[in-house]
Amino acid sequence: MAAVLAAAVGIVAIVASRRRPNVREGFTVLSALSTFAIVASMVPGILSGTAYVTDLGAFVPGVRFVLRADPLGTIFALLASFLWIITSFYSVGYMRGLDEHAQTRYFAAFAGSVSAAVGVAFASNLIVLYVFYELLTVATYPLVTHDQTAEARRAGRKYLLYTFGGGVAVLAGTALVFWSTGTVDFAAGGIAALAEADPVVARAAFALLTAGFGVKAALMPVHSWLPDAMVAPTPVSGLLHAVAVVKSGVFGISRVVLDVFGPETVSDLGVGLPLAAIAAFTVLTASVMALRQDNLKRRLAYSTVSQLSYIVLGLGLLSPAALVGGLLHIPAHAFMKLTLFFCAGAIHVETHTDDISDMAGIGRRMPVTMAAFGVASLGMAGLPLVAGFVSKWYLLIGSIEAGQVVFAFVLLGSGLLNIAYFWPIVYQAFFQTPDDTDAKPVIESPFGGRRNVESSPSATADGGTPRPDGGTPKETPDADDDGGYAVDRYPSDHVRDDADGHGPAGRQTESDDADDSDVRGQGATEEAHGAHDDHHHGGPPPGGWERRAFGKESTWFMLAPISTAATGAVALGIAPYTFVFLALVERVVAGATGVAF
């Protein structure tokens, strides 16, 4: 309970200090540190078999409101709380660097999201999990719609429609489980009474629960809310993809497979293989769709859709090694994907560039950022010495162990597709110039590719129409035809172009009644950004990218989190047993399957 409340109390402190941005952001970091410290303090006891429980009494008839820290929940809580620390520092650099509006609301909603995520992690039954799962949707909605534009509101409505719809399915599945067994409490290896329940009802409950949680896990065909939500600021994209939201979906499926039905019952019901097949389809299809994207954040979004299904694939295969690989991919993917989104955000803040086809030679301008991007890309493809290799190795072994070699080929094919859509970004950043680069994305057929591949003086980097004053592009009439390249061109990622540098002319940059009025000049000023070019609106400037020395490409509010996340991804790949995640994963799998590691 203390871990949940530490972040929740932070909301109050953040709002109360809204007129003093430095204090407000200090409370954000303090809340993050406190949450992580509380969760980390329980790890030694959990590894030794201790259970930490808060029982608040009866919640609904037959169900108590109980929070319990167990190994599976601790994986998620530890990950979310630690990455919140990194993201908090990054958010300061990003939000100040763009002189964002409504920063107090942003930081408060972020704290609320992490509080709900920790509640999801420590829920001891399906009802409590459902409550925090829905609270997470409510807390993240202001972040998705942060821009307050028509596009952001459309993305927000779609987000609510999908995720609340998934919540209804979860509640219906929960009711079936309770009706069949008289309990919804999690138990290692599953609820025993489900093995004796009516198989038709049990299969229906499994389908509803996995489909409901599968919405936030972005399983196809209920994935499209995730790429559309990339209209949000980049740190929010990191939250959606690495820290809380999508991980709550795969975490929910993990609970269903391991602690509600149990691997043995899932196998007896014959529902594991269909789940693995859906995951395999998502892995390959989303990877192909990523090849079509020219907008960097949107390519990363489809990459996330694919990578999350690695976790679900491991859960569907049910073999001990596959379960280890799937659960270990939760932290592995989090560190790698957070690095990639941090890099995308730094590129935008410093160069206002969002499209891959405009990034040739950008490694000269942003060497640390693009080096970290390259490292994380290697891990996403499953190459050795980065976290992704370890988890995918377990998944490969688990596929063979389960007698399902076809899924091993799916994993290998996905790795090649990862190389196909990440390598061109890294290659052109370091080994090409704007004059000799080829157009991206990789697929340029009628089934994919970039609209307006040919550049012209009248076109901007994001496909918008230039304003006469050279400021932020206005939305073109067809901007919502497919949503493909509308990401990051709205006010959350705006270009400062009015007379005093505080935002687009005529726009109030703070909607918190000027509560952030003293932000300007404290954060990412012109000097702090190294003579940042406010008149550059995407793509390389005339003459190409200037060369910047290491550490001079951005503020350390952004570079330090990028380096930390990339270092974590490498550390998990080089010495996985040195860190606690693998030990927790092995304890979870041992408890569910009875196989000791």
Side-chain angles (χ1 to χ4, degrees), residues 3 6-8 10-11 14 21 24-37 39-40 76-98 100 102-118 121 136 139-140 142-144 146 229-230 232-248 297 300-301 304 330-349 369 372-373 376 492-493 523-524 554-569:
I11 301 172
I14 289 167
R24 175 194 64 203
E25 288 151 17
F27 277 127
T28 296
V29 174
L30 180 62
S31 299
L33 289 170
S34 300
T35 303
F36 174 71
V39 175
F76 185 32
L78 193 66
L79 181 67
S81 58
F82 178 71
L83 294 184
W84 185 26
I85 300 172
I86 304 174
T87 307
S88 295
F89 284 104
Y90 182 87
S91 293
V92 173
Y94 185 93
M95 301 299 282
R96 292 189 178 192
L98 292 174
E100 272 289 359
Q103 293 187 25
T104 297
R105 184 185 68 202
Y106 168 90
F107 284 108
F110 224 115
S113 300
V114 176
S115 178
V118 175
L136 181 59
T140 49
L143 298 172
V144 174
H146 177 84
M230 293 304 96
T234 302
V236 176
S237 301
L239 171 75
L240 291 171
H241 287 258
V243 180
V245 178
V246 295
K247 291 300 189 297
S248 72
K297 280 178 65 177
L300 294 178
T304 295
I330 294 177
H333 172 262
F335 278 96
M336 295 183 297
K337 187 50 63 73
L338 195 63
T339 301
L340 294 172
F341 270 107
F342 280 178
C343 292
I347 291 169
H348 180 85
V349 169
T369 299
F373 190 98
S492 74
D493 290 336
S554 182
T555 66
W556 280 101
F557 268 115
M558 303 189 78
L559 290 180
I562 290 172
S563 301
T564 302
T567 301

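Counting from 1, the numbers follow the sequence of the chain as shown. Keep in mind that what you see is a predicted model, and the values were worked out from it rather than measured.
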Note to self: Under the rule for ring pair (Phe, Tyr, Trp, His ring centres under 6.0 Å), what residues qualify as partners of Phe36, not counting sequence neighbours?
What the structure shows: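 With sequence neighbours excluded, Phe36 shows a ring pair (Phe, Tyr, Trp, His ring centres under 6.0 Å) to Phe82, given in chain and number order.
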
Please report the interatomic distance [atom1]([X]) to [atom2]([Y]), rounded to the nearest 0.5 Å.
| X | Y | atom1 | atom2 | answer |
| --- | --- | --- | --- | --- |
| Thr567 | Ile562 | OG1 | CD1 | 11.5 Å |
| Ser91 | Met558 | OG | CE | 9.0 Å |
| Ile14 | Thr104 | CD1 | OG1 | 8.5 Å |
| Phe341 | Thr87 | CZ | OG1 | 12.0 Å |
| Thr234 | Leu340 | OG1 | CG | 12.0 Å |
| Leu338 | Met336 | CG | CE | 11.5 Å |

field: Intermediate values then yes/no, side-chain contact (heavy atoms from CB on, under 4.5 Å), Phe76 and Val39
entry: CA-CA 10 Å; Phe76 185 32; Val39 175; over 6 Å; no

Looking only at atom types and distance, does a side-chain atom of Lys247 sit under 3.5 Å from a main-chain N or O of Pro331, one as donor and one as acceptor?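 No.
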
Counting N and O atoms only, with roles assigned by atom type, does the side chain of Ser88 sit under 3.5 Å from a partner on the main chain of Trp84, one being a donor and the other an acceptor?
yes

In the structure I gave you, are the side-chain heavy atoms of Ile85 and Ser81 within less than 4.5 Å of one another anywhere? no

Stepwise, does the side-chain contact (heavy atoms from CB on, under 4.5 Å) test hold for Val349 with Ser554?
CA-CA 9 Å; Val349 169; Ser554 182; 5.6 Å; no

(Q) Working note: Phe373 + Ile347, criterion side-chain contact (heavy atoms from CB on, under 4.5 Å); need CA distance, chi angles, decisive distance, verdict. (A) CA-CA 11 Å; Phe373 190 98; Ile347 291 169; 5.7 Å; no

Discussion item. Please determine whether side-chain contact (heavy atoms from CB on, under 4.5 Å) holds for the pair Lys337 and Thr304, giving the CA-CA distance in whole Å, both sets of side-chain angles, and the decisive distance to 0.1 Å.
Written reply: CA-CA 8 Å; Lys337 187 50 63 73; Thr304 295; 2.6 Å; yes

On a heavy-atom basis, the closest approach of Val118 and Ala77 is CG1-CB, 4.5 Å

Discussion item. Quick check: closest heavy atoms across Ala372 and Thr339, and the distance to 0.1 Å?
Written reply: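 Looking at all heavy atoms of both residues, the shortest contact is O-CG2, 3.7 Å.
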
